[in-house]
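This is a predicted model, so every value here is computed, not measured.
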Amino acid sequence: MAGMLGACGRPCLIRSWGRHLRNTAWLGWREQASFPSFRTRPAVQALGWQSPAIQQVLPRWLGVSVPSQRTQEDSPTESPKDFRLIYRFPGIRYCRALSRLKLLQTAFTVLILPPIWFLHWQGQVTQAQCFYSTGIACFAGFMLYAMSYFFRRIVGLMYLNRDGTVLRVAHLTFWGRRRNVDCPVATVMALDDVGDDRNELLLRLERYDGGQFFYYTLRYGQVVDEEGFLRVFGKV
């Protein structure tokens with residue numbers, strides 16, 4: 001009887017002992033896997049995780065928020081709240097619409113050239129029609145360059161900072177987007193130094209250091225802050 005109990009008890013004892021070993025190993029593995037995430041944070045904080053060198057190598061699972069580098073680079077040196085509006089050209093929205101419309105037209109005329117030449121090789125389109133389409137595409141590209149060259153120099157808005165030392169000029173890019181250019185007021189040429197007549201449709205905005213020049217209009221533009229505008233361009 002004792003032998004039978006001993007024979008039956010051994011498998012049960014071995015089975016329970018094996019289950020205990022598996023549970024112990026599983027708990028030990030979970031502790032080893034979970035402890036580093038809690039131990040690394042104090043170590044990182046001690047090293048100063050806010051430094052750029054540490055932020056570049058930190059993994060995301062540490063839960064450390066890394067500031068966006070693009071936001072820091074794109075942010076201007078002065079806040080827009082530090083500038084006040086002195087000039088506005090309402091027609092800049094129409095210039096932007098025409099610039100984007102001309103861009104789409106040029107892209108369309110260029111994209112239809114390959115199908116037209118392909119049909120010419122198939123004998124379905126004459127050579128004169130191919131040359132006519134190519135000429136239209138070249139003319140559209142030339143007009144796009146000329147219009148963008150003009151629209152990129154039209155001033156839409158002008159701002160002046162609180163100290164009156166920096167002039168911010170807002171104009172269009174080649175793609176019809178807005179771009180701000182900051183220049184010191186000391187380098188901006190007064191209207192008398194430029195030599196343009198005040199009654200002209202377009203007046204030039206030039207700089208003494210020979211930087212990029214722009215065009216603005218007093219006939220269709222609006223001088224919002226006359227005091228700030230006179231401080232930059234002198235007597236108008």
K.L.:
Mind checking the CZ-SG spacing from F131 to C138? Nearest 0.5 Å is all I need.
P.N.:
11.5 Å
K.L.:
Suppose the criterion is ring pair (Phe, Tyr, Trp, His ring centres under 6.0 Å): which pairs have a residue in residues 168-213, not counting sequence neighbours?
P.N.:
H171-F214, F213-Y215
K.L.:
Decide side-chain contact (heavy atoms from CB on, under 4.5 Å) for H120 and Q127; before the verdict, give the C-alpha distance in whole Å, the side-chain angles of both, and the deciding distance to 0.1 Å.
P.N.:
CA-CA 7 Å; H120 169 67; Q127 188 175 7; 3.7 Å; yes
K.L.:
Quick check: do I86 and Y159 have side-chain heavy atoms less than 4.5 Å from each other?
P.N.:
no
K.L.:
Which residue pairs pass the side-chain hydrogen bond (donor to acceptor under 3.5 Å, both in side chains) test when at least one of the two sits in residues 217-230, sequence neighbours left out?
P.N.:
R84-D225, R88-Q222
K.L.:
CZ/R96 to CD1/I154 distance, rounded to the nearest 0.5 angstrom?
P.N.:
14.5 Å
K.L.:
Between CG of L157 and CZ of R168, what distance do you get to the nearest 0.5 Å?
P.N.:
11.5 Å
K.L.:
Check whether any side-chain heavy atom of M147 sits under 4.5 Å from a side-chain heavy atom of S99, and report yes or no.
P.N.:
no
K.L.:
Looking at every non-hydrogen atom in both residues, tell me the closest pair between K102 and A140 and how far apart they are.
P.N.:
CE-O, 3.8 Å
K.L.:
Do L113 and L104 belong together in a cluster built from hydrophobic side chains that touch within less than 4.5 Å?
P.N.:
no
K.L.:
What pair of heavy atoms forms the shortest contact from V169 to M158, and how long is it?
P.N.:
CG2-CG, 4.3 Å
K.L.:
Check for me, please, whether I112 and I136 land in the same ILVMFWY cluster - side-chain distances under 4.5 Å, paths through other members count.
P.N.:
no
K.L.:
Would one find more than 12 heavy atoms of other residues, nucleotides or ligands at under 6.0 Å from atom CZ of R179?
P.N.:
no
K.L.:
Is there a donor-acceptor contact under 3.5 Å from the side chain of N161 to the main chain of G164?
P.N.:
yes
K.L.:
For a 4.5 angstrom cut-off between non-hydrogen side-chain atoms, does V188 reach L167?
P.N.:
yes
K.L.:
Less than 4.5 Å apart, side chain to side chain, heavy atoms only: is that true for L160 and V185?
P.N.:
yes
K.L.:
Any side-chain heavy atom of L202 within less than 4.5 Å of one from F150?
P.N.:
yes
K.L.:
Within a strict 4.5 Å, meaning less than it, do heavy atoms of the R100 and R177 side chains meet?
P.N.:
yes
K.L.:
Under the side-chain hydrogen bond (donor to acceptor under 3.5 Å, both in side chains) rule, what pairs show up with a residue in residues 132-142, not counting sequence neighbours?
P.N.:
W117-T134
K.L.:
Can you tell me how far apart CG (D182) and CG (N180) are? Round to the nearest 0.5 Å.
P.N.:
7.0 Å
K.L.:
Can L218 and F229 be said to form a side-chain contact (heavy atoms from CB on, under 4.5 Å), step by step?
P.N.:
CA-CA 11 Å; L218 296 179; F229 190 86; 3.8 Å; yes
K.L.:
At what distance, to the nearest 0.5 angstrom, does CG of L103 lie from CG of L98?
P.N.:
12.5 Å
K.L.:
Distance from I116 atom CD1 to T126 atom OG1, nearest 0.5 Å?
P.N.:
10.0 Å
K.L.:
Using a 4.5 Å cut-off on heavy atoms from C-beta on, say whether the side chain of Y216 contacts that of F89.
P.N.:
no
K.L.:
Would you check if F83 and V166 make a side-chain contact, meaning some heavy-atom pair closer than 4.5 Å?
P.N.:
yes
K.L.:
Please say yes or no: joined through hydrophobic side-chain contacts below 4.5 Å, possibly via intermediate residues, are L230 and V194 part of one cluster?
P.N.:
no
K.L.:
Quick check on the hydrophobic clustering: are L101 and F139 connected, directly or via other members, by side-chain heavy-atom contacts under 4.5 Å?
P.N.:
no
K.L.:
Are V110 and F118 joined in one hydrophobic group, where the rule is that I, L, V, M, F, W and Y side chains link up if heavy atoms are under 4.5 Å apart?
P.N.:
no
